[in-house]
Amino acid sequence: MVSSGSIRRLLVTLGALAWMLAASAGSALAADPQTCEVHVNPLAASGGSVFVFSGSGFKPTQLTLQKEDDGPINHDLNVGDADPWEVTVRSRAGDEGTWSASFNDPVIQCTAVAEFRVTLSSTDLVEDIAAAAAGTRPAPLALYLLVILFGFTGGALLGRRVHARARA
């Protein structure tokens, strides 16, 4: 016959084993690759603009930029201990097109991708002329007052002269 003490020891042992299995399963889930995200601002801008990428929860060590079907351009990153982190990329004239930026963190096996677009700079001459005309400031009020003052003064002097000649 089995004593109740033996059954209790068996149950405690089985309970401890079950608890250890549950704890190790939880850590195995935590070791799974994490979903990570990166955001870009602005999503589209003309050549010469700065694009700001930001993310959190992972620390990328490599940035891969790729324009449409062109070859990838790799850059090593060091975002330090910043969380959230930011990385800036400046575009140039001639970079027009759709780009993808891949941020890779090999430690937690995480890759986040953001797409952005470099557009043409405005070449519309009519728009530039309209903007220049809209950008001109009106003359200051003092200038208007001076013109009016000189006009009245000149008119008064001319009137006196005409009046003096008419009397003579």
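Below, all heavy atoms of this structure are taken into account, side chains as well, without hydrogens, waters or symmetry copies. Computed from a predicted structure; not experimentally measured.
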Could you tabulate the donor-acceptor pairs under 3.5 Å formed by side-chain atoms of residues 64-72, not counting sequence neighbours?
| residue | atom | partner | partner atom | Å |
| --- | --- | --- | --- | --- |
| Thr64 | OG1 | Asn74 | OD1 | 2.8 |
| Gln66 | NE2 | Asp70 | O | 2.7 |
| Lys67 | NZ | Glu96 | O | 3.0 |
| Glu68 | OE2 | Thr98 | N | 2.9 |

Which atom pair, heavy atoms only, marks the closest approach of [X] to [Y]?
| X | Y | value |
| --- | --- | --- |
| Ser46 | Val118 | C-CG1, 4.2 Å |
| Ala114 | Val38 | CB-CG1, 3.6 Å |
| Val113 | Ser102 | CG2-OG, 3.6 Å |
| Ile108 | Gly57 | CD1-O, 3.9 Å |

query: Do Leu141 and Phe152 belong together in a cluster built from hydrophobic side chains that touch within less than 4.5 Å?
result: no
query: Do you reckon Leu77 sits in the same ILVMFWY cluster as Ile73, going by side-chain contacts under 4.5 Å, direct or chained?
result: yes
query: Quick one: ring pair (Phe, Tyr, Trp, His ring centres under 6.0 Å) partners of Phe53, sequence neighbours excluded?
result: Phe103, Phe116
message: Other residues, nucleotides and ligands only: do more than 12 of their heavy atoms fall within 6.0 Å of CD on Glu37?
response: no
field: Set of residues satisfying side-chain hydrogen bond (donor to acceptor under 3.5 Å, both in side chains) with respect to Asp95, sequence neighbours excluded
entry: none
- prompt: Looking at residues at least two apart in the chain, or sitting in another chain, which of them share a side-chain contact (heavy atoms from CB on, under 4.5 Å) with Asp83?
  reply: Ser56, Lys59
statement: side-chain contact (heavy atoms from CB on, under 4.5 Å) filter on Val147, not counting sequence neighbours, yields none
field: Under 4.5 Å side-chain linkage, directly or through intermediates, the cluster mates of Leu157
entry: none
message: Do Leu149 and Thr153 make a side-chain contact, defined as non-hydrogen atoms from C-beta onward lying under 4.5 Å apart?
response: yes
- request: State, yes or no, whether a side-chain contact exists between Asn104 and Pro60 at a heavy-atom distance under 4.5 Å.
  value: no
Sequence neighbours left out, cut at 3.5 Å: what donor-acceptor pairs do the side chains of residues 84-94 make with other protein atoms?
| residue | atom | partner | partner atom | Å |
| --- | --- | --- | --- | --- |
| Trp85 | NE1 | Gly55 | O | 3.4 |
| Trp85 | NE1 | Phe58 | O | 2.9 |
| Arg90 | NH1 | Gly48 | O | 3.1 |
| Ser91 | OG | Gly48 | N | 3.1 |
| Ser91 | OG | Ser49 | N | 3.2 |
| Ser91 | OG | Ser49 | O | 3.1 |

